[in-house]
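Keep in mind the model is a prediction, meaning the values are calculated, not measured.
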Amino acid sequence: MSTGPCPPAPAGQPSIRTTAGRGHRTRLARRIVSASITVMLLGALGVGASGAHHRWSCAGQPASPQTALPVDRVRWVWTGAVTTTAATVVAEIVRPARHARLTVTTGRADPPVLSTAEAVGADGIVRLHVSGLTPDLNHRYVIEVDGTADHSRGNGRFRTMPAGPATFTVAVSSCARTGSDGAVFDAIRAVGPLLYINAGDLHYGSPRRNDVTVFGDLYRRTLTAPAQAALYRSVPIAYVWDDHDYGPDNADATAPTRPAARAAYATYVPHYPQPEPGRAVYQAFTVGRVRFILTDNRSERTATTMLGARQLTWLRQELTSASVSHAVVVWINPDPWIATPAAGADHWGGYPDERRTIADVIATARIHNLIMVSGDAHMLAVDDGSHSDYSTAGAAGFPVLQTGALDRPGSVKGGPYSHGAFPGCGQFGTITITDDATAHVRVELAGRTWSDRILVRYRTVIDAPTAAATPG
């Protein structure tokens, strides 16, 4: 990837920069030092102006006009683990109930696809898996409980993943108070994303007791909030936790909630296959020619490691192999990467040695098609690769999108960011992939508000590896 000089956006306008080809990091350092300084100063001014209004409250974002649907046989539902031909739906059923299954249709003349009928758990939870679907096609489903369809909360839809080069948008954000019902969830739904990725702090329950039912109650409050319920009925999710939805503030591997958090995730969350089922919740999946990698930055964290030895080994292998086999690699890394080293810090600055190890993998493998998206910080921010390189040799910068907060007071964490930081609530990010089956894939990173205002935008063109044909 390479970049040419671009003047900073006027005050109050979204920051935009376009990138094309490889080797942008070297030319960037030579050609736009002064422009970067100017952009950072503008970003700092934006931080000051925005932060004064949002730092202590989430003022400005209205409540969603969505109303709760009546409860028939289903209390809540969400969809995940969507592939080219399959999907998983998790729901809470009103008890007493014995069995549930899915009926999936496409709106075409095809016969409906039925899932296997599954027993409803004593807690009312059921996991329903359906396969044999058509790639890159809209599907609708209804949940049948003991033979009766629930056309209220038991309805949902999703689009199966494309099997080859495709153009699509993924929405991503983090950090919402428990039971949040803000207009931002309607805004996410309105952009029509193929997938919604939550990068942690799905709720701010901050549980302290090792009890799966505590987590179940928090999931219920989240999934029944009308605006969130409407989003999850319409868009499939991929989700990894951060601290407040895993345990207390700044929770790590020593959190008393770790066993319950992991058990609850396995029960309540429709997730992609995990390398360590029942343990850390990291996972990876493919959409078209894009590989998404989600890391668990909490449940293996200690004073000396963010990811733990097993997950770090897996991440290194995923980054290396996916960068060759796929056109683009997107690492969903829940905590800020760009940050000054500081002992005990709750971001990658607190783990500079591990960060350097990962950066050296990126540099040694010559990975030029990596994009990072992070949460935790209550702000939107973009870096074009100017500040993300922590490798020993200095050749491993990549674009970074910081996204949040959905419904928490605005604040700034980490940095600096080439395109500035914009703290606030009612915010989310989008990743738009334009893949025309050529050697060049266009990527747009954008930071948006609940009112559909774009605060920051960055565009780049990535040269796809020759091996990135059509991953299965």
Side-chain angles (χ1 to χ4, degrees), residues 58 75-78 80 90-92 121-125 127 173-182 185 196-225 227-229 231-232 237-271 274 276-283 294-303 306-308 311 332 334-335 344 346-347 350 374-378 404-409 411 413 425:
C58 199
R75 294 191 187 279
W76 55 258
V77 63
W78 58 349
V90 181
E92 181 181 355
D123 55 1
I125 305 302
R127 298 180 70 87
S173 196
S174 62
C175 303
R177 62 182 174 83
T178 308
S180 173
D181 201 37
F185 298 104
Y196 168 54
I197 300 177
N198 187 285
D201 292 340
L202 179 74
H203 58 73
Y204 256 65
S206 299
R208 295 179 175 273
R209 187 153 47 96
N210 187 36
D211 186 341
V212 172
T213 63
V214 170
F215 283 86
D217 290 342
L218 291 168
Y219 279 121
R220 182 180 300 109
R221 289 174 61 188
T222 298
L223 298 172
T224 56
Q228 293 199 63
L231 172 62
Y232 303 138
I237 192 167
Y239 156 60
V240 286
W241 55 43
D242 197 39
D243 52 346
H244 293 285
D245 45 351
Y246 162 73
D249 187 26
N250 296 340
D252 59 16
T254 67
T257 55
R258 183 166 85 157
R262 288 174 165 180
Y265 186 95
T267 299
Y268 293 97
V269 178
H271 56 79
Q274 299 168 226
E276 298 184 80
R279 296 175 60 90
V281 299
Y282 58 96
Q283 54 203 266
L294 284 62
T295 52
D296 174 354
N297 292 13
R298 289 292 169 181
S299 74
E300 293 293 323
R301 183 189 296 199
T302 68
M306 175 84 80
L307 302 178
Q311 183 176 193
I332 306 297
D335 295 289
D346 188 42
H347 49 60
S374 295
D376 188 54
H378 299 174
L406 290 161
D407 190 2
R408 295 295 298 167
S411 62
K413 196 171 188 177
C425 70

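Taking the salt bridge (Lys or Arg N to Asp or Glu O under 4.0 Å) definition, one finds that Arg75 meets it with Glu92, sequence neighbours left out. The side-chain contact (heavy atoms from CB on, under 4.5 Å) test applied to Ala253 returns Arg258, Thr302, not counting sequence neighbours. Taking Tyr246 as the reference, Trp241 meet the ring-ring contact (aromatic ring centres under 6.0 Å, His included) condition, with sequence neighbours excluded. Tyr268 pairs by the ring-ring contact (aromatic ring centres under 6.0 Å, His included) definition with Tyr219, not counting sequence neighbours. Looking at residues two or more places apart in sequence or on another chain, you find a side-chain contact (heavy atoms from CB on, under 4.5 Å) between Arg279 and Arg262, Glu276, Glu300, Arg310. With sequence neighbours left out, the salt bridge (Lys or Arg N to Asp or Glu O under 4.0 Å) criterion links Arg208 to no other residue. With sequence neighbours left out, Arg298 forms a salt bridge (Lys or Arg N to Asp or Glu O under 4.0 Å) with Asp242, Asp243, Asp335, Asp346. In this structure, the side-chain contact (heavy atoms from CB on, under 4.5 Å) partners of Thr267, at least two apart in sequence or on a different chain, are Asp123, Ile125. Scored by the ring-ring contact (aromatic ring centres under 6.0 Å, His included) test, His203 finds no partners at all (sequence neighbours excluded). Tyr196 meets the ring-ring contact (aromatic ring centres under 6.0 Å, His included) test with no other residue; sequence neighbours excluded. Among residues two or more places apart in sequence or in another chain, the salt bridge (Lys or Arg N to Asp or Glu O under 4.0 Å) test is passed with Asp376 by Lys413. In this view, Ala91 and Val74, Val77, Ile93, Val126, Ile143 satisfy the side-chain contact (heavy atoms from CB on, under 4.5 Å) rule, not counting sequence neighbours.
Residues Pro256 and Pro259 come closest through the heavy atom pair O-CD, 3.7 Å. Nearest heavy atom pair, residue Ser173 against residue Gly404, reads OG-CA, 3.6 Å. Heavy-atom minimum distance, Gly182 versus Ala227: O-CB, 3.8 Å. Across all their heavy atoms, Val214 and Arg209 have their closest contact at CG2-NH2, 3.3 Å. Across Phe215 and Pro207, no two heavy atoms sit closer than the pair CZ-CG, 3.5 Å. Contact record, Cys175 with Arg408: O-CG, 3.6 Å, taken as the closest heavy-atom pair.
In summary, of the residues considered (Tyr265, Tyr282, Trp78, Tyr239), a ring-ring contact (aromatic ring centres under 6.0 Å, His included) with His271 occurs for Tyr265 alone.
Atom-to-atom distance recorded for Thr257:OG1 and Asp211:CG is 11.0 Å, nearest 0.5 angstrom. Separation of atoms OG1 (Thr222) and CG (Asp245) is listed at 8.5 Å; rounding is to 0.5 Å. Note that OG of Ser299 is 7.5 Å distant from CD of Gln311, once rounded to the nearest 0.5 Å. Note that the OG atom of Ser180 and the OH atom of Tyr204 stand 12.0 Å from one another [nearest 0.5 Å]. Atom-to-atom distance recorded for Asn297:CG and Leu307:CG is 5.5 Å, nearest 0.5 angstrom. To the nearest 0.5 Å, atom CG of residue Asp201 and atom CG of residue Asp249 are 9.0 Å apart.
Between the side chain of His378 and the backbone N or O of Pro409, at least one donor-acceptor pair lies under 3.5 Å. Using modelled atom types, one side-chain atom of Gln274 and one backbone atom of Ala280 make a donor-acceptor pair closer than 3.5 Å.
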Could you give me the CA-CA distance, side-chain angles and deciding distance for Val240 and Gln283, then say whether side-chain contact (heavy atoms from CB on, under 4.5 Å) is met? CA-CA 9 Å; Val240 286; Gln283 54 203 266; 4.1 Å; yes

